[in-house]
Structure formats: structure tokens, C-alpha cells
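Below: the structure, in C-alpha cells.
Values below: all heavy atoms of this structure, side chains included; hydrogens, waters and symmetry mates excluded. Below, chain A is the first sequence line, B the second, and so on; all start at residue 1.
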Amino acid sequence: MSTLHLVNRPSALASCLETARDEDTILLLEDGVYAAAASDVDRPLHAIDVDVMARGLSRRLRENVTLASYEDFVRLVEDHQPVVSWR
Amino acid sequence: MSTLHLVNRPSALASCLETARDEDTILLLEDGVYAAAASDVDRPLHAIDVDVMARGLSRRLRENVTLASYEDFVRLVEDHQPVVSWR
Amino acid sequence: MKLAIAVHGPPWNSESSASACRFIHAALDAGHDIVRVFFYHDGARAGDALAVTPQDEASVLDRWVRLHEEHGIELAVCIAAALKRGILNEEERERYGKAAASLHPAFQIVGLGQLTDAMIEADRTITFAA
Amino acid sequence: MKLAIAVHGPPWNSESSASACRFIHAALDAGHDIVRVFFYHDGARAGDALAVTPQDEASVLDRWVRLHEEHGIELAVCIAAALKRGILNEEERERYGKAAASLHPAFQIVGLGQLTDAMIEADRTITFAA
Amino acid sequence: MAKRILYLLRQTPYGSSHAAEALESALVSGVFDQTVCVLFKDDGVWQLVPDQDGALIGTRTVGKMLKALPEYEITRLFACERSLAERNLSPADLVVAVKVLAPAEQAELLADQDAVLND
Amino acid sequence: MAKRILYLLRQTPYGSSHAAEALESALVSGVFDQTVCVLFKDDGVWQLVPDQDGALIGTRTVGKMLKALPEYEITRLFACERSLAERNLSPADLVVAVKVLAPAEQAELLADQDAVLND
């Protein structure tokens, strides 16, 4: 199984990216979603929908970012092990 | 009078440096002292002595760093206005 | 899946409590079980019965209490993290001679081993960081 | 000089309270006056009488209380920041129907205007950030 | 004589309560008829993004609070040019009108103040 | 069957209580006979600096706590090569012996775990 990386601050993304294998999944939540609007990252990123919308970032997301609901979040946890938090 | 900049995290130093005039003074305290051992900054920096020693950084300071006691800190406040905190 | 949840951020000054609540609701809806929610670091403050929620904000404490009352979710606050942050039950209040207890009854004060124990029992451990 | 001090970080999880105490002692020794210490954001938790300090750590609460008792330093906690974080005096406890009060008597709960007021009166304002 | 007070806002609006609480302090200083100005810098410029909706995550909407600043006679609002550019934020598309300053100009603005508060 | 638990330590030792509290959790996991390892990364490598003295600022000395790890059978200690280099820290001059890993190796180490906790 591949690893699920949770990032809850933009400043933690760089260190996470350095340590995430290609087959791992990165999910941005809370303030981490700001990275979905600012940094140009060349791998797919998931971002929690309510966090994106609350911050007014819906129209500012990079193309490689897909929105995820909390239901999606649970499914990602089912399909990955371990779950690593970056802050 | 010139401005006194207080920095209490290494991550805040870059933004402080960008906004500090040559005649301003920068004082690193708390975790800010880690910047006195890591970043190569080409302007003088002051660092609070107890914070440096508590972290085992006494022998790791860059040449442009001078130790400051809390008495020095008070004198710096006397000679500068305003005092700006960066975190 | 059996899930162990760790909450590290305080309820008012980070979103980790609110995010953890949302995640738990979605996990329960998907048929998963929560072994235990372990509140560590500033997360221990989630159990504070004295906090007053401003009217224009949702009360995270109410959401935790409802999860406990409606789904029997175990809300475990680490004793070492709690004491330092002024989160006391009656027993600790007496032990340290403090004037009052602050822990909400839906929460319990436990030792750090309960986190390791939850990780052992669970299929996944998810931390909602500070 | 007349100095206004703002403390933004919580006592156990950041050094801002400890640093502010050190600075105030040095300022008093140099003959300066402290207009007021204003505790805002998580700094409001400095006034928590229920916190238990681990034995291998210095109690910041004791240092604040000594500064108040020995030098008459005014320790003002912002009401909006305090209520949200479970810091209540008897009056607020009653107003919100809470089971207990947690504020240490050396501290007082004040409105946000007391910070602006201190800045107006002081020659310098120093913030010890979170 | 009114004091010159600047609020240096560098935190994101929703990651912690610091941004909202610092804004409340700024509003109060405005009520006290002080010469108040605000500088949004680094992650603080995220506070200026339109279409925020704090209710979605159970908190106040910081963007709305900013609109109250002019009512408290706080009209001197500044934003850091570099911080906006880094985040692809255009000065024309913000919740409140701000004067964009380069870092060197910000240094002069800071130097003019009697007190600077941060979030 | 013992679970594989990794503590990912990325915070400075004295800026907050997170580092010390995460170490305490690691020690307890060691007592519970789990297969525990620790990865120091980013600012977490500052925890490995010798000559720390927390008493000077009224707190515990995190460097000393690290020395207790082996007594709790936690001997698999790793540190991030990039994080050490960025901070001019030499692996030979740290409070405890660590195996230095490049980021890619760290990714494999993480993937092997049943649970990862952070400070």
C-alpha cells in the first residue's frame, strides 16, 4: 500500500514533496489548501473542498489539484497505509 | 530613530530582512536564534544569550552575530522606535 | 476499518478539532469504527468545559460531546498534556489542591499508553496536527 | 521610559510569557515603568490558576504573580481572548453559567481598549509574539 | 496627540484565530481616534482574497471584517507587493482597496510609527 | 505481533512543548514493546545538537531525553541528510547516534510503517 500524506500548512508541503514517492497520495487540508493556489507543483494534489471554499480559493486552484470531500478523505485512508501528517 | 526588529522564529527572518533598513537593528530571540547558526546573512544580528546557550548553539554562531543580554535588550528598546515583532 | 484518531491542535486556535470531527462523522457513515480519539499536546484543551464559544462560531465542544453521547466515541485526554494546560478532573483537582475542575464529563483523563494502545488495536492511525 | 507589554503566546507552549518576564525584570532594574502587561490571543492563558507546572519546569505563573505582588505590575487579560479559551473570573463564570472560574487573582479581565490605552500612554510598545 | 499605530498582519485568516483577533484590536484602536494603518504581508495577504465564507468551517469570515475597517476611520491599508505576486493575487481583485508597497517603502512606513502590533 | 510505529520529529526542541511531548509518547511506545523508530527531519534535527541546557530557560533539556531512547529499546534513530546539511550539523557531532537518510530512503522507511506520529 502507498502512503497518504496530509499537509495542513503551505510551509510543510516542500518537505512532504521531498519525501513522497510517486505512488503516494498528497491531501491538502486546513491552511494546506493555500498551497493549491500558490505553488506550482508538478504532481497531482488533492485539497479538501470546504477548506478551499471557506478561503475563497475555488477559482484559484492549479490544474493539478482535485477537490476532495471528507467522504473521499475516508476512502483515501482505506486505500493507503500509513497516514502521515505534515505541519 | 531607527526600528528594532524582534524575530522569534527562523522562518520569519527573511521577511524581516526584506523590510529592515540598514540603520535598523535585528534581535533574534527564542527560536529565532537558530537563524544565527544556520542562515548566512550579510548584516549584523543580535541574539539573546540564554536562548543561544539553552539550545547548545554557543559554538555555532556566525561571525556577524553578537550575543545580547536582557539588559542589552532594554537598552536597544531605549534607542529604537518602534519595536516590531516577526514570528 | 478500526481507526485511531489523534488530535494535536487546540479547539479555538487551530482547525484540528473541527477537522477531526468531520472526518469521524464521514468514517462512521462509511461503517468504520473509532477505537479512541486521543487528545495530545494543545489538543488536550478540547475537553475544557469552561470555554465560551463566541456566538458567530460553531462550538467544537458540542460536536465532541454529541459524538460521545450519540455514538459512544471515547474522548481520551492525555494526563500529562492536560495538567500542564489547566485541564483537570475532580481527582486531579484534589491531588494538586486546585480551586476547580475544568474537564467536561464527556471526556476522560488517561495515561499516554492509551495512545499506543489505540495504535496497536487500530488498522489506521490518523493525526490531526496542530 | 513608560513601556506597554503585549504577550501573545500561551505559557506552556511558547516562550513569550517567560521572555516577557525576563524583559520586565531588566526594564525595572533599568528604572523604567511598565504601564500594563496585556495578554492577548493565546497569551490570555497565562492567567490560568488551574495549570499544573511539571516539577522539572519553572512556573511562569509564579513569576507573573511575583511581578504583580512585588512591583504592582498590572496583568490585564483581554476578555474576548480569555472567554474563548476558558479563562473566566467569578463575574464571567456567573454570566455564562459555567461550573467554575479559572482566573488567578493576580490577573484582571479587561476590554480590548486597555491595549490601545496602554499604547497611547507608553513611550514604547513591545510585543512578545506567539 | 494621536499615536501612529500600525497593524502588521502576516498570518493566514483561518489557520488560527490570530488574524481575526488582531483585526478586532485594530478596530478598537480606530474607535480610540488613533492614526491607525494596516500592512498585509506574507500569508496575511490571503486575508484580502474575495469570496471567503468562514461559516463553511464554523468560523467568522475575516474578509467581511476587513470591510468594517473604513467605518472605523481606518482607511490607510497597505499590502506587500512581493507577497501578492508570490501568491498570484492581483491588487485589483481584493476585498478592500489597498496601496501596494515594495519592501523598502514598507520599511519607511514602519519607521514612521509609534507602535507596531502583529497578529 | 508488534506494530511498526515511526515518530516523525520536525519541530524545534524549545519553541513549543511538542518535541518533548512527542518524545514521551515514543518512550511509552517503546515500553509497550512495539517496533519503534524515530526520524528527525527539518527543524527536528535541532533536537540532536549537543550541549543543550533547558534549565537556562526554565524547561527540560530535550537533548537529555533523547539519551533515554536506547534504554526503552528504541535504537533505530534516523536523521534527514538534507536537513542536517542545511543547518551545518555534522552527523558525527550529535547527542545520539543516528543513521543519515536521503529523502528517497526516508520515503521507503515511512512506507514500511503501520502508524506514523508527528510532533
Region of B/R75 that comes under 4.5 Å of a non-hydrogen atom in chain D: neither
Plane angle bin for B/Y70 and D/F23 - parallel if under 30°, tilted between 30 and 60°, otherwise perpendicular: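 Plane angle over 60°, so perpendicular.
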Aromatic plane relationship, D/F107 with D/H104 - under 30° parallel, 30 to 60° tilted, over 60° perpendicular: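 Perpendicular, since the angle between the ring planes exceeds 60°.
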Which atoms of [X] come close to chain B, meaning under 4.5 Å heavy atom to heavy atom: side chain ones, backbone ones, both, or neither?
| X | result |
| --- | --- |
| D/A6 | neither |
| D/T125 | backbone |
| D/A129 | both |
| D/H8 | neither |

Between D/E74 and D/H68: side-chain donor-acceptor atoms closer than 3.5 Å: no
Sidechain N-carboxylate O distance under 4.0 Å for B/R55, D/E15: yes
Candidate list D/V35, D/T127, D/I73, D/I34, test side-chain contact (heavy atoms from CB on, under 4.5 Å), partner D/I5, passing option: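 Exactly one option meets the side-chain contact (heavy atoms from CB on, under 4.5 Å) with D/I5, and it is D/I34.
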Interface residue of largest heavy-atom contact number with chain D, from B/V83, B/V77, B/V84, under 4.5 Å: B/V77
